[in-house]
Amino acid sequence: MLGLAESSGVVANSTSLVLVSAATALVGLWVWSQQKPRKDFPPGPKGWPVLGNILEFMSDTPPQIIFLEHAKKYGDIFSIRIGQRWTVILNGATVIKEALLKKGIEFANRPSSFSIDLFSEGGKDIVFGQFTPTWKLHRKLAYSAFRTLATGNNERFEKLVYSILPGLIKHLDSKGSEPFNPKTTMASSIYNILATMCFGKQFEFDGPEVKFWMRMSQQGIELVGNGLAADFIPIMKHIPTPAVQKLKKFTHEFYGAINKEMEEHKASYDGGEPKDLIEILLQIRQEMEDEGSEDMTMITETHIRQTVADVFGGMIAVLLHISCIVSGTDTSIFTMHWSVGLLVQYPEIQAKVAAEVDKVVGRDRLPCLNDRDNLPYTTATLYEVIRYSTIAPLSVPHATSKEVEIGGYTIPEGTWVLVNLYSMHYDEKLWDEPHKFQPEHFLDETGEVRLHPEGFLPFSTGRRVCLGESVAKAELLLIFSWLFQHYKFSKAPGMEDEEYAESTTVAFGNMLKEKDVVVEKRF
Ligand code: HEM
């Protein structure tokens, strides 16, 4: 039998053994977790075991700014770890263009994660679809649908956009001198434009359907804004945590609403000239079936629902704490919200836009797309809103489709890649005082618009360039010029000293802080 002293010595020894083993294991884990996928992989800041660099993004500093700081130390191409995932960050116009244009195919894939798969019904949408023939087909179909409905015919598109005017005018005129949140006004406008394009119908301007979609957008952001554990700890997806349950319920409700529209279209569409996105896609599917197409699995109803959701709804992707929101609606709403906020903050710029529209368009007709060349200051102001706000500062995450070399580094296939568009839009080498909001950034010495300045890629570029770029530019120019032609927006009484151009980064998006404004009719 052991005496008391001996037994406590054994306990002490085994405790030390456990501590030494634990410390060795921790050091081992630390060393192992720092191992990059290969020697010539881009350098970057050290991360924690399991979590990687994720704790950095829990601060109030937006990720795009944190990345700029790292770029100063490690260069324009560096790496971080998001959980167990090595992720490469690309900064600056030269590197970004080399990756997305010169090596477009290599950088054309998307990451997948639990929430992306859940929300895209197994990657069947365009935004998060992998770079496959099926994805190419759907991108092509959606692009040609946009041409039919919008960008291929100016007059048809102007009619579509301006079909919301009766509701919008009634809404603005009802405000009197009461302060109101302009984001709600912009959301109702954009939802109605895109409902006409996708569903061939309008909602009541700020009625229950618009409120439903606004609630969906808000709920989606709140749900994934802080990330889901199931995205980086695979086993978690089998555990019905409240967050996972909520996301499933949200997805069900969201697609339930899109399905309702699709079912109505299937029942009513007679095969004639298609009027909206759903009808165009249903018609193409029917034609393929009639031709006896061998691969109808490439164009299922799920694919059609997903394309409609990309344009109308919101695609919410989560890469841990870093998540992003893309959709035809949210992007346009955020941009128009920024437009009002910035022009309220800079009333002299608002007055110059209104004066130019008065001079070129007058007061007896609506601005049209052919006016664009004669509205340089207005166009430059809108582009400056888009640059200054950079609503998608880190674009949509990419992934490498094959091993690729860039900047002397090798990036293996399947690596996640974040493209820091903000690093270009705020590059002091490319912009004179980038932190200042000045439409002159987009005007040359002769007063003409600089349509493609070196550091301006808000819609990204290459194989994954925003599919709605032309739709967005045309839609925004029409609404923007009409709005300031007819109304003057100002700060709400008592808020004159507040900054109206303040941003807040939520779920990867750069949004404007919501502040009330007042509106007056100009004539
Ligand atoms: C101001 C408005 C908008 C901005 C700033 C914007 C920006 C972007 C960005 C940065 C991307 C990611 C590109 C990449 O991954 O490299 C994207 C993708 C996309 N956008 Fe937009 N967007 C806007 C409006 C729209 C509109 C109105 C639509 C539809 C009508 C749309 C549809 C899409 C689609 C489908 C994709 C996915 C493309 C793909 O993965 O192949 N966007 N957008």
Side-chain angles (χ1 to χ4, degrees), residues 64 90 96-97 99-101 104 107-111 116 120 123-132 134-143 145-147 149-151 157 160-161 186 189-191 193-198 276-277 303 306-315 317 324-339 382-383 385-399 401 416-422 424-425 456-480 508-511:
Q64 64 272 18
L90 305 178
I96 291 175
K97 285 183 185 173
L100 300 187
L101 289 173
F107 283 94
N109 238 347
R110 295 288 192 207
I116 291 174
S120 63
K124 294 198 177 58
D125 77 323
I126 298 173
V127 178
F128 278 97
Q130 299 297 312
F131 187 60
T132 60
T134 305
W135 169 82
K136 283 186 202 160
L137 171 73
H138 284 281
R139 203 180 140 104
K140 212 164 114 192
L141 295 181
Y143 187 76
F146 290 172
R147 281 199 60 76
L149 296 168
T151 46
F157 191 52
L160 188 154
V161 170
M186 294 309 135
S189 308
I190 301 295
Y191 275 120
I193 293 172
L194 285 165
T196 313
M197 200 166 124
C198 294
D276 55 45
L277 183 63
H303 288 103
Q306 283 292 327
T307 297
V308 175
D310 275 349
V311 179
F312 189 75
M315 179 65 221
C324 74
I325 302 157
V326 195
S327 75
T329 39
D330 282 338
T331 45
S332 307
I333 294 168
F334 298 157
T335 306
M336 281 312 300
H337 185 210
W338 269 101
S339 301
L382 176 60
Y383 281 23
V385 169
I386 295 174
R387 180 200 71 86
Y388 189 87
S389 60
T390 309
I391 55 159
L394 294 169
S395 185
V396 176
H398 284 238
S401 63
W416 292 1
V417 177
L418 297 179
V419 179
N420 192 355
L421 298 177
Y422 178 93
M424 278 192 277
H425 291 182
F456 186 53
L457 285 182
F459 300 95
S460 186
T461 186
R463 305 278 162 157
R464 290 285 188 164
V465 62
C466 171
L467 192 60
E469 175 171 0
S470 311
V471 177
K473 280 181 172 165
E475 166 204 53
L476 293 171
L477 185 76
L478 291 174
I479 291 292
F480 185 87
F508 242 33
N510 196 31
M511 299 185 203

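Only heavy atoms go into these numbers, but all of them, side chains included; no hydrogens, no water, no symmetry mates. Start at 1 and go down the list; that is how both ligands and their atoms are numbered.
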Parallel, tilted or perpendicular: ring planes of F456 versus H425, cut at 30 and 60 degrees: tilted

Minimum non-hydrogen distance to atom 23 (C) of ligand 1, winning option of T331, L277, T390: T331

Nearest-0.5 Å distance that lies between atom CD1 in I96 and atom CG in N420: 6.5 Å

Distance-only N or O hit between ligand 1 and R110, under 3.5 Å: yes

Nearest-0.5 Å distance that lies between atom CG in L418 and atom CG in L90: 8.5 Å

N or O pair under 3.5 Å between S460 and ligand 1: yes

Nearest option to atom 17 (C) of ligand 1, as decided by whichever heavy atom of C198, C466, S389 sits closest: C466

Element-labelled atoms of ligand 1 that are located less than 4.0 Å from some non-hydrogen atom of W135: 41 (O)

Under 3.5 Å: donor-acceptor pair, side chain of D310, backbone of V127: yes

Atoms of ligand 1 close to G468 [distance to a heavy atom under 4.0 angstrom, numbered from 1]: 26 (C), 28 (C), 29 (C), 31 (C), 32 (C)

K473 heavy atom under 4.0 Å from ligand 1: no

For F146, atoms of ligand 1 separated by under 4.0 Å from a heavy atom: 29 (C), 30 (C)

Return all side-chain donor-acceptor pairs below 3.5 angstrom for residues 465-480, not counting sequence neighbours, or 'none' if the list is empty.
residue: E469; atom: OE2; partner: K473; partner atom: NZ; Å: 2.9
residue: E475; atom: OE1; partner: S332; partner atom: OG; Å: 3.0

Side chain to side chain contact (heavy atoms under 4.5 Å, CB included) between Y422 and N510, intermediate numbers included: CA-CA 10 Å; Y422 178 93; N510 196 31; 5.7 Å; no

Heteroatom distance test (R463, ligand 1): nitrogen or oxygen, under 3.5 angstrom: no

Proximity of V396 to ligand 1 by residue part, where a heavy atom lies under 4.0 Å: both

Enumerated ligand 1 atoms positioned under 4.0 Å from heavy atoms of P458: 5 (C), 7 (C), 10 (C)

Heavy-atom donor-acceptor pair, H398 side chain to F107 backbone, under 3.5 Å: yes

Contact with ligand 1 for F334, non-hydrogen, under 4.0 angstrom: no

Ring-face cation of R463 near W135 (centre distance under 6.0 Å, axis angle within 45°): no

Audit row: R110, R464, side chain to side chain contact (heavy atoms under 4.5 Å, CB included) steps and yes/no: CA-CA 9 Å; R110 295 288 192 207; R464 290 285 188 164; 3.5 Å; yes

Polar atom proximity, H398 to ligand 1 (N or O, under 3.5 Å): yes

Minimum-distance pair of heavy atoms, taken over all atoms of L457 and T461: CD1-CG2, 3.7 Å

Heteroatom distance test (E475, ligand 1): nitrogen or oxygen, under 3.5 angstrom: no

For T335, atoms of ligand 1 separated by under 4.0 Å from a heavy atom: 1 (C)

For R139, atoms of ligand 1 separated by under 4.0 Å from a heavy atom: 38 (C), 39 (C), 41 (O)

